[in-house]
2 protein chains.
Amino acid sequence: MSEDAIFKNIPQFTVLRFARYLNFLVTLPDVVEEISSSEMAGIIGIKPTQLRQDFFTLGGFGRQGKKYNVRFLIHRLSEVLALQKPQDMVLAGVGHLGQAIANYQGFERFNLVLRGIFDVNPKLIGLKIRDIQVQDLDELQGFIRQHKIQIGIISTPHQSAQIVCDNMVDAGVKAIWNFSPENVTVPEGVVVQNENLSVGIMNLSYRLNRELA
Amino acid sequence: MSEDAIFKNIPQFTVLRFARYLNFLVTLPDVVEEISSSEMAGIIGIKPTQLRQDFFTLGGFGRQGKKYNVRFLIHRLSEVLALQKPQDMVLAGVGHLGQAIANYQGFERFNLVLRGIFDVNPKLIGLKIRDIQVQDLDELQGFIRQHKIQIGIISTPHQSAQIVCDNMVDAGVKAIWNFSPENVTVPEGVVVQNENLSVGIMNLSYRLNRELA
DNA sequence: TAGATTGTTAATCGATTAACAATC
DNA sequence: TAGATTGTTAATCGATTAACAATC
C-alpha cells in the first residue's frame, strides 16, 4: 500500500482521537510495553470498538490475540500526524497568553520547535523566553523567509490578528494557529486553526445547565 | 412547547455552532439589525442550510421571506446556552496562562463573572488581577462553599490539576474548565472540559502535512 | 407579481457501534 | 484447548445537505 493510500481519507474525528491517543501514550512510563484497546479506551473515555476502528483506518496495526505495542503505536501515530520530522514555528504577541504558549512543555516532545518570538512593544524586545530573544514584529517576515518557517502562532490582541496572519502567510507560512479571539481567514492552500476560548466556555455553560439534572 | 422540549436533544455539534454564531453576532455594530442565513454562514464558514437546520432545532426562530433579527438571535442563543443569568467562577493557578485567562475580555460579555483567584505561591498571594486579590489555595474550598460557585477553572501545573479538581468538586463545583495538560476526571453529575493544546497543534500538523498538497 | 428568504421534510453522507471471525 | 484479544464487515445512529414549500 502506498503512503498516499495510508494517509488519505482518515475521518476528521479520527485524527483528533489520534492526537488524544498519542498524547496519552507518551505519558506512560517506559516499563509499560503493551496496552489493550479496552484499557486505553477506558482512560480516554471512548469505547474499545471505536479505538480499534480508528486504528483499522491505518491498516494492520496490531495482531489478533495480542495487545498493542506502545512504542510501535507512538511511532505510527507520530508518523500519521506528521510529527516525525522537526517543524519550526514562530510566535507573534508576547502577552501572558503568548508567554504561556512559548513556555508550553508539550512542543519538543512532538518535534515542534519554536524559532522566533515577535512583538511590537519595545519594552519586550530583547527579553529572553526559553533562550529566544523577542524581536521586533518588523523582522517577522524576513525571519520567516530566511528560516522557511511553515507554522505561525498568533497571540496578539484581536485588532492585529488578521494583519499578522496576512503577513505570516505572505512570507510563506502554511499553517496558522490562532489564539486571538478574532477568527482569522486565510487563502486556499493554507490551513488555520482558531482556538476560540468563548466556544469552550459556552459549551461548558450549556452542558452544566442543560445536560445535567 | 415546554422548556424541556426546547432544550433537550440539541445535537452536540449544533451546540458548538451556537457558540460560534453568538460569538460572531455580539461583535456586530448596533446598526446591523438583521442578517441572512447566507451572510452569516459565509462568515462562519459553513453552508446556509446547516445554519437554518441548526436554528430549526430551536423551533420557530425566524420568518420565511425575512432575514433573522440580530437582537432576537443573540437573546435566543444566550438563552439556549444558559448565558442569561450571571454565573460565578473561580480560577486556580496564576501562571502566565492563568493570568491570560483571568484577563480574558470575553467573559462579562457572556455574563460569566470571575469571583476568586487562587495560587500556592506566597509571592503571588495578594496580587491584584482585575480588582481581584489572589488568595492562598487553602482558601479555595471555603470560598467556593461560601459563594456557591459552580464553575472552576484550572490553570495549575499538571501535577496538581487532579487534586485541585477534586477539591473544587468536593466543595460543590459542577463544571470544570481545565487548561492543564493533564486530562482530569470527575464523578457523575459534574461536567469537565479539557482544553488540550496538544490536540490542537497535532491536528494542525496533520492538516498541514497530509491534507494540503 | 417576482424575488428573496426561511421552515421543514427527505435524502445523503459520515461516524459509531455491534457482531463475530481470526489469531495469539 | 480455552480465554483474551484485535481485525474487519455490517448495522445502526447521527449529522449534513438538497429540495422545495411557505411566507414576506
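When reading the values below, keep in mind they use all heavy atoms of this one structure, side chains included, and skip hydrogens, waters and symmetry mates. Just so we're on the same page: letters track the sequence lines, and every chain starts at 1.
The residue B:Q12 sits close only to the backbone: its heavy atoms come under 4.0 Å of sugar-phosphate atoms, none of a base. Using a 4.0 Å heavy-atom distance criterion, B:F13 is classed as a sugar-phosphate-only contact. The residue B:T49 sits close to a base: some heavy atom pair falls under 4.0 Å. Using a 4.0 Å heavy-atom cutoff across all strands shown, A:Y68 reaches sugar-phosphate atoms only and no base atom.
A straight line from CG of B:L73 to C1' of C:dG7 spans 15 Å, rounded to a whole angstrom. In this structure, CG of B:N69 is placed 15 Å from C1' of C:dT5, rounded to the nearest angstrom. Atom-to-atom, CG of B:L51 to C1' of D:dA15 comes out at 15 Å; the value is rounded to the nearest Å. Counting to the nearest Å, the C1' atom of D:dT5 and the CD atom of A:E39 are 11 Å from each other. Note: NZ (B:K66) to C1' (C:dG3) measures 16 Å, nearest angstrom. Summarising the geometry, the separation between CZ on B:F55 and P on C:dG7 is reported as 9 Å, rounded to the nearest angstrom. Between the CD atom of B:Q64 and the P atom of D:dT23 there is a distance of 6 Å, rounded to whole Å. Distance CZ (B:F72) to C1' (C:dT6): 14 Å, rounded to an integer number of Å.
Which of D:dT8, D:dT16, C:dG7 sits closest to the side chain of A:F56 comes down to D:dT8. With distances taken from any side-chain atom of A:S36 to the nucleotides D:dA19, C:dT5, D:dT6, the minimum falls on D:dT6. Closest to the B:Q50 side chain, of the nucleotides C:dT16, D:dT17, D:dC24, is D:dT17. When the nucleotides C:dA18, C:dT16, C:dA21 are ranked by their closest atom to the side chain of A:K47, C:dA18 comes out on top. In this structure, the nucleotide among D:dC20, D:dT16, D:dT6 sitting nearest to the side chain of A:S37 is D:dT6. Comparing C:dT8, D:dT17, C:dC20 against the side chain of A:R52 picks out C:dC20 as the nearest.
When ring centroids are compared, A:F13 and B:F13 come within the 6.0 Å threshold. Remark: aromatic rings of A:Y104 and A:F107 are close, center separation under 6.0 Å. A ring-centre distance under 6.0 Å is found for A:Y68 and A:F55.
A salt bridge links B:E108 to B:R130: at least one charged side-chain nitrogen sits closer than 4.0 Å to a carboxylate oxygen.
Between A:R63 and A:D54, the residue anchored closer to the 5' end of DNA chain C is A:D54, taking for each the nucleotide with the nearest heavy atom.
In summary, the side chains of B:Q193 and B:N178 do not present any donor paired with an acceptor at a separation below 3.5 Å, with no hydrogens or angles considered. Side-chain contact check for A:H158 and B:Q105: no donor-acceptor pair (N or O, by modelled atom type) lies under 3.5 Å.
Between the side chain of B:Q53 and the base of C:dT8, no donor-acceptor pair of N or O atoms lies under 3.5 Å.
The side chain of A:R17 places an N or O atom within less than 4.0 Å of a non-bridging phosphate oxygen (OP1 or OP2) of C:dT16.
The environment of CD in B:E34 is crowded: more than 12 heavy-atom neighbours from other residues, nucleotides or ligands sit within 6.0 Å.
With hydrogens and angles ignored, the 3.5 Å screen pairs no side-chain donor or acceptor of B:D88 with any backbone N or O of B:I149.
Helical stems of DNA chain D (runs of at least 3 Watson-Crick or G-U pairs, donor-acceptor distances under 3.5 Å) are listed by first residue: C:3-24 with D:3-24.
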